[in-house]
Colleague: 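Just passing along the structure, written as structure tokens.
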Amino acid sequence: MRRFSRITGTGSYLPPRRLTNADLAAQLAVDGIETSDEWIVERTGIRARYFAAPDVTASDLALEASRHALTAADLQASDIDLIIVATSTPDMVFPSTATILQHKLGVAGCPAFDLQAVCSGFIYALAVADAMIQTGAASKALVVGAEVFSRILDFKDRGTCVLFGDGAGAVVLEASTTPGILATEMHADGKHMGILCVPGNVSGGKILGDPTLKMDGPAVFKLAVGVLADVARSVLAKAGLTEADVDWLVPHQANIRIMQSTAKKLKLGDDKVIVTVHDHGNTSAASIPLALDVGVRDGRIQPGQTVLLEGVGGGFTWGAVLLKM
Ligand code: UT7
């Protein structure tokens with residue numbers, strides 16, 4: 001009998017400090033950086049974001065999201081036999097945030113690793129976990145997206161620092177005789193590496209280069225709207241489905257205009273798109289599992305429904321996961 005994987009629990013966590021656009025604008029004004037609620041809302045749809053306290057790391061956020069997902073799946077951490085954390089803001093250069101999370105969950109022994117595909121990270125992580133479950137390499141996986149992007153923002157660059165926030169989302173993915181995950185797609189094109197990157201690195205005990213996020217916003221925007229509709233169509237085709245079969249689109253939450261453009265191309269009404277960017281900002285690898293959990297917990301996403309997750313980000317990377325809840 002074919003072995004599938006299925007999401008059996010979702011969870012998420014946002015740090016308590018919420019900054020509205022007005023709060024952030026006031027903070028930036030101290031350094032003479034001008035922005036406004038109007039500009040941020042009009043260009044991005046973002047109204048607020050959450051920033052973690054200085055001593056809180058990605059694994060701390062991941063831990064809270066994981067606990068919620070485990071409770072929803074009615075499992076203990078000791079039941080988990082694979083941990084993947086998608087993050088671009090790990091606690092340390094090494095060991096991985098996944099091993100730190102494993103320790104904080106009070107368990108040991110199962111494989112735990114990070115996956116770095118920036119804002120597409122959760123899609124990649126879910127696709128890898130699905131493949132491992134299908135082959136029998138794992139049976140109960142914890143797949144997490146966790147980010148503290150506030151740590152890598154240049155608060156003198158108003159074109160980027162108003163866009164991002166911190167948070168974590170998690171799912172439990174279990175082996176199942178029925179799908180579950182119907183199809184996955186992962187893509188990358190490294191020639192666009194320069195349009196969204198943190199170019200610095202650690203060498204000789206020093207940070208070499210710039211350790212803050214650099215983005216050519218319009219170039220990323222153009223590439224994103226191009227690939228997202230295409231990858232949605234190809235993952236649907238792989239599963240023998242069409243846009244009309246999609247109950248919910250849960251896209252990466254970077255910009256409401258990108259989400260609306262993708263939904264329009266797929267002929268999906270705005271009422272079929274889970275949107276959290278207005279309240280969370282862009283939480284990179286955490287944004288899709290955060291939005292999924294919001295949709296599940298507020299009762300919009302129901303068991304048996306068809307959900308299309310899709311993401312795009314630095315690398316350039318992009319991908320999609322089509323699943324039945
Ligand atoms: O998560 C990975 C994927 N990331 C994304 O998908 C992000 C994709 N890109 C975007 O969402 C948009 O390109 C941005 C929201 C980043 C920028 O929006 P835009 O409509 O492309 O604006 P722009 O960068 O072309 O800037 C337009 C104007 C500029 O002023 P001038 O040159 O026209 O006078 C900027 O200086 O807006 C100005 N501007 C701002 N003004 C007030 C840029 N940032 C701000 C700001 N507040 N925060």
Side-chain angles (χ1 to χ4, degrees), residues 19-49 86-89 116-124 145-150 152-167 169 187-189 192-198 212-229 231 250-263 265 273 275-278 280-291 309-320:
L19 279 93
T20 63
N21 290 344
D23 296 333
L24 188 57
Q27 192 176 300
L28 298 181
V30 173
D31 292 319
I33 309 295
E34 278 181 40
T35 188
S36 65
D37 177 55
E38 293 71 26
W39 189 94
I40 302 170
V41 171
E42 188 193 310
R43 301 291 175 120
T44 71
I46 297 167
R47 293 179 185 275
R49 76 286 293 140
T87 187
S88 298
T89 47
Q116 213 271 52
V118 202
C119 302
S120 311
F122 183 76
I123 295 292
Y124 269 57
E147 301 283 13
V148 281
F149 255 56
S150 59
I152 54 167
L153 297 177
D154 175 359
F155 286 97
K156 300 233 170 346
D157 176 10
R158 67 179 182 170
T160 55
C161 71
V162 302
L163 306 175
F164 296 90
D166 303 339
H187 298 279
D189 183 350
H192 302 296
M193 58 179 271
I195 63 171
L196 178 49
C197 59
V198 177
T212 60
L213 183 147
K214 306 292 160 222
M215 180 168 75
D216 177 345
V220 173
F221 191 101
K222 204 170 150 208
L223 270 171
V225 295
V227 298
L228 284 171
V231 80
V250 185
H252 170 48
Q253 308 283 320
N255 187 319
I256 190 67
R257 292 187 290 139
I258 296 175
M259 290 184 258
Q260 286 168 342
S261 149
T262 310
K265 284 186 185 175
V273 186
V275 175
T276 54
V277 72
H278 57 287
H280 302 174
N282 181 347
T283 58
S284 192
S287 92
I288 295 170
L290 259 162
L309 313 178
E310 61 170 13
V312 59
F316 207 67
T317 56
W318 67 102

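Atoms within a ligand are numbered from 1 in the order they appear, just like the ligands themselves. Numbers here are sequence positions counted from 1. Model, not experiment: these values are computed from the prediction.
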Colleague: Enter the distance from Met215:CE to Leu163:CG here, rounded to the nearest 0.5 Å.
Modeller: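 These two atoms lie 5.0 Å from each other.
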Colleague: Nearest protein heavy atom to atom 15 (C) of ligand 1, by residue and atom, and its distance?
Modeller: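 Result for atom 15 (C) of ligand 1: Thr44 CG2, 3.5 Å.
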Colleague: Less than 4.0 Å between atom 33 (O) of ligand 1 and some protein heavy atom, yes or no?
Modeller: no
Colleague: Decide whether an N or O pair under 3.5 Å exists between His252 and ligand 1.
Modeller: yes
Colleague: When you measure from atom 9 (N) of ligand 1 to every protein heavy atom, which one gives the shortest distance, and what is it?
Modeller: Gly217 O, 3.1 Å
Colleague: Among protein heavy atoms, which lies nearest atom 48 (N) of ligand 1, and at what distance?
Modeller: Arg158 O, 2.8 Å
Colleague: Starting from atom 14 (C) of ligand 1, locate the nearest protein heavy atom and write down its residue, its atom name and how far away it is, to 0.1 Å.
Modeller: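 For atom 14 (C) of ligand 1, the nearest protein heavy atom comes out as Asn255 ND2, 4.5 Å.
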Colleague: With a 4.0 Å cut-off on heavy atoms, is Leu196 in contact with ligand 1?
Modeller: yes
Colleague: Using a distance threshold of 4.0 Å (strictly less than), state whether atom 11 (O) of ligand 1 has a protein heavy-atom neighbour.
Modeller: yes
Colleague: Going by the closest heavy atom to atom 22 (O) of ligand 1, which one wins out of Met259, Met215, Arg43, Gln253?
Modeller: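 Looking at heavy atoms only, Arg43 sits closest to atom 22 (O) of ligand 1.
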Colleague: Is ligand 1 under 4.0 Å from a heavy atom in the side chain of Ile258, in the backbone, in both, or in neither?
Modeller: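 Looking at Ile258 and ligand 1, just side chain atoms fall under 4.0 Å.
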Colleague: What closest approach, in Å, do Asn282 and Cys119 show between heavy atoms, and which atom pair accounts for it?
Modeller: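 That closest heavy-atom pairing would be OD1-SG, 4.2 Å.
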Colleague: Atoms of ligand 1 less than 4.0 Å from Asn282 heavy atoms?
Modeller: 1 (O), 2 (C)
Colleague: Would you name the heavy atoms of Ile33 and Lys156 that are closest together and state the gap between them?
Modeller: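 Reported closest heavy-atom pair: CD1-O, 3.6 Å.
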Colleague: So does Arg43 get a backbone contact from the side chain of Asn255, meaning a donor-acceptor N/O pair under 3.5 Å?
Modeller: yes
Colleague: Just checking, is any N or O donor in the side chain of Thr283 or Glu147 under 3.5 Å from an acceptor N or O on the other one?
Modeller: no
Colleague: Considering only protein heavy atoms, determine whether one is less than 4.0 Å from atom 29 (C) of ligand 1.
Modeller: no
Colleague: Which pair of heavy atoms, one from Ile258 and one from Phe221, lies closest together, and at what distance?
Modeller: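 Looking at all heavy atoms of both residues, the shortest contact is CG1-CE1, 3.5 Å.
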Colleague: Out of Trp318, Trp39, Phe221, who gets a non-hydrogen atom closest to atom 39 (N) of ligand 1?
Modeller: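 Minimum heavy-atom distance to atom 39 (N) of ligand 1 goes to Trp39.
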Colleague: A quick test of your reading: do over 12 heavy atoms of other residues, nucleotides or ligands sit less than 6.0 Å from CZ of Arg47?
Modeller: no
Colleague: Measuring from the heavy atoms of Val162, does anything fall under 4.0 Å of ligand 1?
Modeller: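 Val162 counts as a contact of ligand 1 under the 4.0 Å cut-off.
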Colleague: Report yes or no: does a heavy atom of Ala224 sit under 4.0 Å from some atom of ligand 1?
Modeller: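 In this structure, Ala224 fails to qualify as a contact of ligand 1 - no heavy atom is under 4.0 Å.
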Colleague: Would you indicate which of Thr35, Leu213, Asp37 comes nearest to atom 46 (C) of ligand 1 when only heavy atoms are counted?
Modeller: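 Checking each option, the heavy atom nearest atom 46 (C) of ligand 1 is found in Thr35.
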Colleague: For Leu163, state whether at least one heavy atom is located under 4.0 Å from any atom of ligand 1.
Modeller: yes
Colleague: Considering heavy atoms of the protein only, find what lies nearest to atom 3 (C) of ligand 1 and give residue, atom and distance to 0.1 Å.
Modeller: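 The closest one turns out to be Val220 CG1, 3.6 Å.
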Colleague: Considering only the protein, which heavy-atom contact is closest to atom 18 (O) of ligand 1, and what is its distance?
Modeller: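 Answer, as residue, atom name and distance: Arg257 NH2, 3.7 Å.
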Colleague: Here's a test for you: under side-chain contact (heavy atoms from CB on, under 4.5 Å), which of Asp166, Ile40, Asp23 qualifies with Arg49?
Modeller: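 Only one of Asp166, Ile40, Asp23 forms a side-chain contact (heavy atoms from CB on, under 4.5 Å) with Arg49, namely Ile40.
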Colleague: Measure across Ala291 and Val250 and return the closest heavy-atom pair with its distance rounded to 0.1 Å.
Modeller: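 So the minimum-distance heavy-atom pair works out to CB-CG1, 3.7 Å.
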Colleague: For Ala285 versus Phe122, what's the shortest heavy-atom pair and its separation?
Modeller: O-CB, 3.3 Å
Colleague: Nearest heavy atom to atom 24 (O) of ligand 1: which of Gly45, Pro218, Cys119 does it belong to?
Modeller: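 Checking each option, the heavy atom nearest atom 24 (O) of ligand 1 is found in Pro218.
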Colleague: Taking all heavy atoms of Trp318 and all of Asp189, pick out the closest pair and write down the distance.
Modeller: CZ3-N, 3.8 Å
Colleague: Stepwise, does the side chain to side chain contact (heavy atoms under 4.5 Å, CB included) test hold for Thr44 with Val277?
Modeller: CA-CA 8 Å; Thr44 71; Val277 72; over 6 Å; no
